[in-house]
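One structure below.
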Number of protein chains: 2
Amino acid sequence: MASVLPLAGLRETGQSRIWLDTIIKGDCVAALEALPDHSVDAIFADPPYNLQLGGTLHRPDQSVVDAVDDEWDQFASFEVYDAFTRAWLLACRRVLKPTGTLWVIGSYHNIFRVGAILQDLNFWILNDIVWRKTNPMPNFKGRRFQNAHETMIWAAPNAKAKGYTFNYDAMKAANDDVQMRSDWLFPICSGGERLKGEDGKKVHPTQKPEALLARVIMASTKPGDIVLDPFFGSGTTGAVAKRLGRHFVGIEREQAYIDAASERIAAVEPLGKAVLTVMTGKKAEARVAFNVLVETGLVKPGQVLTDARRRWSAIVRADGTVASGGDAGSIHRLGAKVQGLDTCNGWTFWHFDDGKTLRPIDELRSIVRSDLAKMD
Amino acid sequence: MASVLPLAGLRETGQSRIWLDTIIKGDCVAALEALPDHSVDAIFADPPYNLQLGGTLHRPDQSVVDAVDDEWDQFASFEVYDAFTRAWLLACRRVLKPTGTLWVIGSYHNIFRVGAILQDLNFWILNDIVWRKTNPMPNFKGRRFQNAHETMIWAAPNAKAKGYTFNYDAMKAANDDVQMRSDWLFPICSGGERLKGEDGKKVHPTQKPEALLARVIMASTKPGDIVLDPFFGSGTTGAVAKRLGRHFVGIEREQAYIDAASERIAAVEPLGKAVLTVMTGKKAEARVAFNVLVETGLVKPGQVLTDARRRWSAIVRADGTVASGGDAGSIHRLGAKVQGLDTCNGWTFWHFDDGKTLRPIDELRSIVRSDLAKMD
DNA sequence: AACTTGGTTGAATCAGCAA
DNA sequence: TTTGCTGATTCAACCAAGT
C-alpha cells in the first residue's frame, strides 16, 4: 500500500486499477490525465490557497510567524490562479464518476474564486461547509476578526447529477439524532497527529486534521469506494481513507511529501468491517409492495383501513389496491386522493385496528422485512 | 428621520447631507450615482442571492415551503448576475470613503461570485464571517447537510487601504476578553422582530436579525458615522444604525418595503451615549454530539461500551453510531432498543471502562465541553 | 399563573426508479 | 428523454389554545 507509481502508461491499464492505493508523482493535471474516465467515487482537494502575504509577520512577543510561503503557493495573478483552478477542476471531473462528488477546501484567499469557477463549469454545489477551528491562530495585529474557520465546497459534477452518496442517516445518528449541519467544529492538526521531520519541524505547512477528513469520507463515500486527492501533501486523505476501508489515489509533486505520506499510510491499520458498517435508513431497505401483505395474509381482502384519526376509511381488495367511496388505487394514490393532496405515503397514512389501537400498516411491512432478513 | 427622498439632484447637494437618514427610492446603481464621492463610512449590502429553485418543496408533513421566488431574485444567467454585481460594487466604492469598509452577505448561491468579483475589482478582503444560525430551516429531503449558515465578506475598498475602523477592543471585551472570531452565532429573524403586514404575512422574505447588524455596525463604525445599505429591504440596517447612534442611507426600489422600513425606523429610540460604549453577547452551552468523541479520538471505533452493570454492551462504529446484536443506531436509540424502552439518554446509559471502573460517556463529553467553553 | 400541546415557519439551487 | 409511481423526509423558536 501507498507505493509510488511512475506516471507513464497509467491510463492504458484500464480496469486493472494498479493505481489504487498509490501516490502518483507528478503535476496534478498531467497525472490526472493518466487516470481513466469516471473511475473515482469522491475527490477531496486541498489546492494552494494563493495566500497574498506582505512582509514577515511578528507576534506580540516579536517571534516570527512561520507563514505559508512555499513556492507552490505563489501565483502571479488571479488570472493565473483561475486558469490553474479551471484546469485541475476539469481534469478532476473527467476522472469522477457521474455519481461521485467533489470536495474543495480553502480560505477567503481562494475559495471564492474556486466556487465561482465551479459554478461556471456547471458543477452543482450541494453545500458549503464551514470548518470552525477550536484553536485557530490569533490575529496578532488586532486589525481584523480572528480568522477562525475555513470553507469547504461540496459539489456534484453537474446540475442534473443524481444518485450521489450521502450517508444521511449515519450523519444524523452520529449527531444525536438531528441533521448534521453545515458548520463543523474540529481542532487544527497538532500534537502527535502532526507529521514532523527529523529536525522537529512540521513536514507540511497545511496538514489537515484527520477528524475533518473522516467526516468528509464517512458522509460522502461507502466502504470500498475510491477517494482521489489531487494535492496529496502529507497524505491525510490517504491515511483516513485506508483507516475507514476506502481506497485512495494521491497525486503529489514533491518527493519529500510523498515519502512522509507513504510512511504514514503504511502505519495505518484499517478498521474492521463490522465497525465500518454504515447506518442506513428506510431508503436502503428492501422494497415490499403492499400486495405482499395481502398475499401473506397479514392484511386480508375486505379488511378496513383508516387514517390515524378514523377520518377516512378504505377497504382492501384482493389485488392489493384499496378502495374508498368511488375511488380506488394504490395505498399512496388513495391516501393522497382522500386528503386532497398530490402525494401521500400510504404506509404511514393508513392504519389497521389490532383490537386495541390503530397501528400504521408500515408496522406490518416491518414484519415482512424482518422475515426476509432471516432468509439471507 | 427615515423620510423618503426623490432621486433628482441629490449629488449636487454636495456636503449639505440632506440625504442622511433617508431612504432613496430607486434602482440601486442609479441611486448610488446620485450620492457624492467618498461620503459614507460603511456599507452593508444584502443583494439578491440568485437562488435557482426547482419546483415546490414540501415538508414531511406535506405543507409547502414558502420559497423566495420574488421577481427581484431572478437573473437570466451567472453572466447577468455578475454584471449586476460589478455595477453595484463599483458604484458603492465611489461613494465609500477611503477609510470605509464594505460588508456583503450571501449564501453559497451567490457569495463565491461576489467574493471573486470583489477581488477582481481590487477590493481587499479583510475577513469572511460566518453567520451560524441557531434555528435554520432543516433539509427536508435528507439529501444534503442542513444549510445552517450564511457568509459575509468584509472588505476595504482597495489593497492599500489604511485607517479603516475596527473596534478591536470593544469586540474583544464583548466576547469575554478573547478576540472576536470569524464565526458568529445568532438566531434568524422571527417572532416580534419580524415585520408583518396587516394580513399577518411577513413583509420581506429575507429580513435579517438586528443582532447581526448590531455586531457589524459596532465592529466597523464609530458613533456618528454614516452607514449605507444599497438593498434596504425592510430597513434592518437603518433601524440598528439609528439605535446605535449612527446615520444611515437606504436605497430601495419597492414602495411597500420603503413604507414598512420608514415606519419601523421612526419607532426606534436611539441608545444613550454611555450605553454605546460596550455591548456583550450571551452564550449558549455548547452541544456536543457523540461522533465528536469518535472524531476526536476520545472514543475509538471498535471500542465496547456497556451499561453501568454490564448487562448490555455495544460496539462503537466509525460513523458515530453504535451496534449491538443485530441492532444499530445512535447511542440514544440503541440504548432504548436494548432496554425495550421508547427513549434513553445514551450519554448516561452507556459507560466505558477506564481501566478501573465504568464511567458514563457523559464524562467524556464534559472534557470536550471544557475545551470548547471559550467559544459559542 | 404555570405548564403542556399542537400548529406554523424560516434565503432551499432537496428523490429514485422503471417503463 | 419524459412520465408516472412509490414512498421518504424536519429543527428550533414562537405563538395560541387548552389544562
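Here is the naming used below: chain letters follow the sequence lines, and residue numbers restart at 1 for every chain. Computed over heavy atoms, backbone and side chain alike; hydrogens, waters and symmetry mates excluded. Keep in mind the model is a prediction, meaning the values are calculated, not measured.
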Inset, instruction - Name the nucleic acid region contacted by G192(B), choosing base, sugar-phosphate or nothing; use a 4.0 angstrom heavy-atom cut-off, strictly under. - result: sugar-phosphate
Legend entry - Reading 5' to 3' through nucleotides 14-19 of chain C, protein heavy-atom contacts under 4.0 Å coded B for base, S for sugar-phosphate only, - for none: BSS---
Inset, instruction - Would you state whether a donor and an acceptor, one from the side chain of K208(B) and one from the base of dA11(C), lie under 3.5 Å apart? - result: yes
Inset, instruction - Please list residues of residues 337-344 of chain A whose heavy atoms come under 4.0 Å from any atom in DNA chain C, ordered by number; otherwise none. - result: none
Inset, instruction - Could you check how far CG of D169(A) sits from P of dA8(D), rounded to whole Å? - result: 11 Å
Inset, instruction - Please report the C-alpha distance between D307(A) and R309(A) in whole Å, then the side-chain angles of each, then the deciding distance to 0.1 Å, and finally whether the salt bridge (Lys or Arg N to Asp or Glu O under 4.0 Å) criterion is met. - result: CA-CA 6 Å; D307(A) 68 294; R309(A) 295 189 200 169; over 6 Å; no
Legend entry - Contact check, side chains of S220(A) and N167(A), non-hydrogen atoms, under 4.5 Å: no
Inset, instruction - Scan side-chain atoms only and decide if S190(B) and R194(B) contain a donor-acceptor pair under the 3.5 Å cut-off. - result: no
Inset, instruction - May I ask you to say what I331(A) touches in the nucleic acid, namely base, sugar-phosphate or nothing, with a heavy-atom cut-off under 4.0 Å? - result: nothing
Legend entry - Spacing of H149(B) atom NE2 relative to dA12(C) atom C1', expressed in whole Å: 14 Å
Inset, instruction - Report which part of the nucleic acid P47(B) touches: base, sugar-phosphate, or nothing (heavy-atom distance under 4.0 Å, all strands). - result: base
Inset, instruction - Whole angstrom is fine here: how far is it from NZ in K133(B) over to C1' in dA12(D)? - result: 13 Å
Inset, instruction - Give one of base, sugar-phosphate or nothing for V64(B), where a contact means two heavy atoms less than 4.0 Å apart. - result: nothing
Legend entry - Cationic N near anionic O, under 4.0 Å, K172(A) to D319(B): no
Legend entry - Side chain N175(A), main chain V178(A), donor-acceptor under 3.5 Å: yes
Inset, instruction - Answer yes or no: does atom NZ of K202(B) have more than 12 heavy-atom neighbours from other residues, nucleotides or ligands under 6.0 Å? - result: yes
Inset, instruction - Take the angle between the ring planes of H204(B) and Y257(B) and call it parallel below 30°, perpendicular above 60°, tilted in between. - result: tilted
Inset, instruction - Determine the Euclidean distance between corresponding P atoms of dC14(C) and dA18(C); express it in Å to zero decimal places. - result: 22 Å
Inset, instruction - Consider the side chain of Y49(B), meaning its heavy atoms from C-beta on, and name the nucleotide among dA11(C), dT6(D), dA8(D) that approaches it most closely. - result: dA11(C)
Legend entry - Between CZ on residue R144(B) and CD1 on residue I129(A), distance to nearest 0.5 Å: 11.0 Å
Legend entry - Between C1' of dA11(C) and CZ of R132(B), the distance in whole Å: 19 Å
Legend entry - DNA chain C: stems of at least 3 consecutive Watson-Crick or G-U pairs whose donor-acceptor distances fall under 3.5 Å: C:2-10 with D:11-19, C:15-19 with D:2-6
Inset, instruction - Pick base, sugar-phosphate or nothing for D69(B), based on heavy-atom distances below 4.0 Å to the nucleic acid. - result: nothing
Legend entry - Partner residues of F78(B) under the ring pair (Phe, Tyr, Trp, His ring centres under 6.0 Å) criterion, sequence neighbours left out: none
Legend entry - Aromatic ring pairing W184(B)/W103(B), orientation class (parallel under 30°, perpendicular over 60°, tilted between): tilted
Inset, instruction - On the 0 to 90° scale, with breaks at 30° and 60°, tag the F112(A)-F112(B) ring pair as parallel, tilted or perpendicular. - result: tilted
Inset, instruction - Ignoring backbone atoms, establish whether H332(A) has a side-chain N or O less than 4.0 Å from OP1 or OP2 of dT6(D). - result: no
Inset, instruction - Determine the Euclidean distance between corresponding P atoms of dA11(C) and dT9(D); express it in Å to zero decimal places. - result: 25 Å
Inset, instruction - With heavy atoms under 4.0 Å as the rule, sort Q119(A) into base, sugar-phosphate or nothing. - result: base
Inset, instruction - Answer yes or no: is there a side-chain heavy-atom contact under 4.5 Å between F44(A) and T221(A)? - result: no
Inset, instruction - For S107(B), answer base if it contacts any base atom (sugar-phosphate contacts may also be present), sugar-phosphate if it contacts only those atoms, and nothing otherwise; contact means non-hydrogen atoms under 4.0 Å. - result: nothing
Inset, instruction - May I ask you to say what P136(B) touches in the nucleic acid, namely base, sugar-phosphate or nothing, with a heavy-atom cut-off under 4.0 Å? - result: base
Legend entry - Y49(B): partners by ring pair (Phe, Tyr, Trp, His ring centres under 6.0 Å), with sequence neighbours left out: none
Legend entry - First encountered from the 5' end of DNA chain D, between R287(A) and G281(A): R287(A)
Legend entry - Interatomic distance where CG belongs to N50(B) and P belongs to dA12(C) [whole Å]: 15 Å
Legend entry - Nearest to side-chain heavy atoms of Q146(B), which nucleotide of dC11(D), dG7(D), dA12(C): dC11(D)
Inset, instruction - Take atom CG of N345(A) and atom C1' of dT10(D), then tell me their distance rounded to the nearest Å. - result: 15 Å
Inset, instruction - Tell me what R194(B) touches on the nucleic acid: a base, only sugar-phosphate, or nothing, going by heavy atoms under 4.0 Å. - result: sugar-phosphate
Sort me out a list of protein N/O and nucleotides 6-9 of chain C N/O pairs below 3.5 Å, or just none if empty.
none

Legend entry - C1'-based separation of dT8(C) from dT10(D) [nearest Å]: 13 Å
Legend entry - OP1 or OP2 of dT6(D) under 4.0 Å from side-chain N/O of S330(A): yes
Legend entry - R132(B) NZ/CZ over F186(B) ring centroid, <6.0 Å and within 45° of normal: no
Inset, instruction - Give the rounded distance in Å between these two atoms: CD of Q179(A) and C1' of dT9(D). - result: 9 Å
Inset, instruction - Output yes when at least one side-chain N/O atom of K172(A) is less than 4.0 Å from OP1 or OP2 of dT10(D), else no. - result: yes
Legend entry - H332(B) vs D177(A), side-chain contact (heavy atoms from CB on, under 4.5 Å): CA-CA, chis, key distance, verdict: CA-CA 8 Å; H332(B) 312 296; D177(A) 295 320; 4.0 Å; yes
Inset, instruction - Using whole Å, report how far CD of E150(B) lies from P of dG10(C). - result: 14 Å
Inset, instruction - Is it possible for you to check whether R365(B) lies under 6.0 Å from the centre of the six-membered ring of F290(B), through NZ or CZ, and within 45° of that ring's axis? - result: no
